[in-house]
Amino acid sequence: MAVVGVIAEYNPFHRGHGWQIGEVRRRLGADTAVAVCMSGNFVQRGDFAILDKRARAEMALRGGADLVLELPTPWACAGAERFAQGGVAMLAATGAVTHLAFGCESGALEPLAAVAACLESPEYRAELRRIAGGGMTFAAARQAAVRTLAGDAAECLSRPNNALAVEYLRALRAQGRAIEPLALPRVGADHDSGGESGYPSASAIRRKLLAGGDWRGMLPEAPADIISREIEAGRAPAAMDNCLRAVLARLRRMDEDDFRLYDGGNEGLYHRFYAAVHAAVSPEEILETAQTRRYPLARLRRMLLQAYLGVPQAAQGETPPYIRVLGANGRGRALLGRMRETASLPVITKPGHVRRMDREVQRVFDQEARCTDLYVLACPDLSQAGPEREYAAGPLML
């Protein structure tokens, strides 16, 4: 039986995600198991997930996934390279995943593989050094260098899902994982699009939710019911706007050198970011003040969120020290049974058992627990913001 890994945020789970899981089974067989490595309570764009990880794991299971694992915050809130590095490592550590499926605008593996190979070559590094500088963003310099060496294949890097797919292929290659990549076409509206579509994007759905608009028809029935339940309970939609003072209080207490830890490029951006913190009265104003042509907004948003949480992105080559299970159905439970023999990392189904595990597992899990304590401050109803939930919450079993 094939076991297909998917790295996702499901923020929230929508029709395009359901199509992807269905397409995996159409290609590989109806008995294919789908294991999802999903971001926890914070996401790669540098923001709070609109619903907490347990609600989103339930969406995934009701949408066709069999097993949902949590990608911890240092990888979930990192740039594309570290995000892919963590997700690929976790799925590979199950010892059971045979394929990695991902959506991409190209829908074809060949150009993505050509770009991934180019990015690992010494010729690319030399060309990047020649081009870099002069105010050009890293992304633009990278694409120009790849275009010189790989021609039209470089256009992959101009589309967000293609670019992330390239990082998945690089992570598979770097980690020496015997997992077969499966490129699937992205269906529906573009990433971050607000355009009308039978498959609306997650960003369009989030905007409707946050604005109090008519969002229900944009989603399949099960995710819509889960969102309605979470809204009624006062837990959703979670948003940074609900805890602006907490964010500002944390940032204003930090010294200038404290921000260096979150300056992933080591380019001195932290000086500019510190100045923005002391000139602005909202997170959005901090981002507007710090932003330049060289520093894209997504990078600044991640820096702001990492500083608020006190959690820098994972280091180059660093991978999660455990596999945390958020939920499973019957097929997922059977897969967990196999993982007891095949997994190369501890599998956490009972959080209380973390205290019996090694120091690094405890450190990262404790860090995740503190992040959850800060996440719940973004709930619309403060009565839902009670702390210390992580060690009491086991996985959802359907």
Side-chain angles (χ1 to χ4, degrees), residues 1-8 24 27-28 32-39 44 67 69-72 74-76 78-104 106 108-126 128 142 145-146 149-150 153 156-157 161-184 264 313-325 335-336 338-348 357-358 360-361 364:
M1 179 183 72
V3 178
V4 174
V6 175
I7 302 169
V24 162
R27 295 194 185 195
L28 299 181
T32 299
V34 176
V36 177
C37 179
M38 189 188 78
S39 301
Q44 198 208 1
L67 178 66
L69 311 173
E70 180 184 10
L71 183 63
W75 293 269
E81 182 180 352
R82 311 294 169 81
F83 178 85
Q85 174 181 295
V88 167
M90 181 170 288
L91 290 171
T94 66
V97 170
T98 58
H99 296 71
L100 175 66
F102 46 83
C104 53
S106 74
L109 187 61
E110 293 76 12
L112 304 174
V115 172
C118 179
L119 290 172
E120 296 299 323
S121 69
E123 292 81 7
Y124 161 74
R125 290 188 286 274
L128 183 65
R142 180 175 70 161
V146 172
L149 299 170
C156 289
L157 294 173
N161 291 97
N162 282 345
L164 187 53
V166 166
E167 296 303 334
Y168 292 148
L169 295 176
R170 293 180 70 198
L172 286 172
R173 183 184 180 119
Q175 297 177 28
R177 303 302 190 178
I179 294 175
E180 183 177 342
L182 178 61
L184 302 173
Q313 73 171 3
Q316 179 69 42
E318 184 182 12
T319 55
Y322 57 76
I323 299 170
R324 204 268 180 92
V325 180
L335 186 56
L336 280 173
R338 284 176 55 190
M339 286 166 53
R340 291 192 184 96
E341 304 297 325
T342 62
S344 58
L345 291 173
V347 178
I348 299 173
M357 297 178 184
D358 70 38
E360 182 62 8
V361 170
V364 175

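Computed from a prediction, not measured in an experiment: that's the story for all the values here. Along the sequence shown, residues are numbered consecutively beginning with 1.
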(message) Among residues at least two apart in sequence or on other chains, which ones pass salt bridge (charged side-chain N to carboxylate O under 4.0 Å, His left out) with R142?
(response) E167
(message) Assess the residue pair L336 and V325 against the criterion (side chain to side chain contact (heavy atoms under 4.5 Å, CB included)); give the C-alpha distance rounded to whole Å, side-chain angles, the decisive distance to 0.1 Å, and a yes or no.
(response) CA-CA 9 Å; L336 280 173; V325 180; 3.6 Å; yes
(message) Is there a side-chain contact between Y124 and V115 in this structure, where contact means two heavy atoms from C-beta onward sitting under 4.5 Å apart?
(response) no
(request) For the pair E120 and R170, find out whether any cationic side-chain nitrogen is under 4.0 Å from an anionic carboxylate oxygen. (result) yes
(message) So does S106 get a backbone contact from the side chain of N162, meaning a donor-acceptor N/O pair under 3.5 Å?
(response) yes
(message) Within the structure provided, determine whether I348 and I323 are in side-chain contact (heavy-atom separation under 4.5 Å).
(response) no
(message) Exactly one of V36, V3, V97, V6 should register a side chain to side chain contact (heavy atoms under 4.5 Å, CB included) with L91. Which one does?
(response) V97
(message) For the backbone of A314 and the side chain of R82, can you confirm whether one donor and one acceptor N or O come within less than 3.5 Å of each other?
(response) yes
(message) Quick check: do F83 and I7 have side-chain heavy atoms less than 4.5 Å from each other?
(response) yes
(request) Measure the CG-CD distance between L119 and E81 for me, rounded to the nearest 0.5 Å. (result) 9.0 Å
(message) Just so I know, are the side chains of L169 and R173 near enough to count as touching, which here means a heavy-atom distance under 4.5 Å?
(response) no
(message) Do P72 and M90 have side chains that approach each other closer than 4.5 Å (heavy atoms only, starting at C-beta)?
(response) yes
(request) Could you tell me the separation between the SG atom of C37 and the CG atom of L71, rounded to the nearest 0.5 Å? (result) 4.5 Å
(message) Quiz question: by atom type and distance under 3.5 Å, do the side chains of Q85 and E318 form a donor-acceptor pair?
(response) no
(message) Nearest 0.5 Å, please: how far is CG in N161 from CG in L184?
(response) 11.5 Å
(message) For the OH atom of Y322 and the CD atom of E70, what is their distance to the nearest 0.5 Å?
(response) 6.0 Å
(message) Do L69 and R324 have side chains that approach each other closer than 4.5 Å (heavy atoms only, starting at C-beta)?
(response) no
(message) I need the I179 CD1 to H99 NE2 distance, nearest 0.5 Å.
(response) 10.0 Å
(message) Pair F102, L182 - check side chain to side chain contact (heavy atoms under 4.5 Å, CB included), show working.
(response) CA-CA 6 Å; F102 46 83; L182 178 61; over 6 Å; no
(message) Counting only heavy atoms from other residues, nucleotides and ligands, does the tally under 6.0 Å from CD of E341 exceed 12?
(response) no
(message) Measuring only between side-chain heavy atoms, which start at C-beta, is M1 closer than 4.5 Å to T32?
(response) no
(request) For residues V347 and R340, determine if any side-chain heavy atom of one lies less than 4.5 Å from a side-chain heavy atom of the other. (result) no
(request) Starting at SG of C118, measure out to CG of L149 and round the result to the nearest 0.5 Å. (result) 4.5 Å
